[in-house]
Amino acid sequence: MPPDAGPAVRPGLLTDRLELLGRKVTRAAKMAVAMISFLGQVIAVIGGIVIHPRRLRLTSLVHHCQEVGVNAVCPSWR
């Protein structure tokens with residue numbers, strides 16, 4: 001009687017797992033590039049505001065902060 005070889009392995013199981021891993025790594029890399037790009041844009045805008053402070057519109061900034069923050073939590077305050 002031959003020794004038990006263990007559970008039968010599906011053909012392609014390793015390649016399926018490697019493909020899934022590759023897709024996840026690619027998705028994570030794309031997300032990292034997008035986040036770094038956004039951070040770069042934020043730094044560029046802040047640098048532009050430091051160089052040209054008149055470009056900062058405080059009224060608009062306060063309005064948008066209120067829309068995103070306070071009114072998002074308490075929409076009845078509008």
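- Residue L61 holds its CG atom at 12.0 Å from CD of Q66, rounded to the nearest 0.5 Å.
- Once rounded to the nearest 0.5 Å, the distance linking CZ of R57 with NE2 of H64 reads 7.5 Å.
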| message | Before you tell me yes or no, could you show the steps for L58 and L56 under side chain to side chain contact (heavy atoms under 4.5 Å, CB included), namely the whole-Å CA-CA distance, both residues' side-chain angles and the distance that decides it to 0.1 Å? | response | CA-CA 6 Å; L58 287 177; L56 180 63; 4.0 Å; yes

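- The distance from atom CG of L21 to atom CG of D16, rounded to the nearest 0.5 Å, is 12.5 Å.
- Expressed to the nearest 0.5 Å, how far CZ of R27 lies from CZ of R23 amounts to 9.0 Å.
- In this structure, S37 contributes its side chain and V33 its backbone to no donor-acceptor pair below 3.5 Å.
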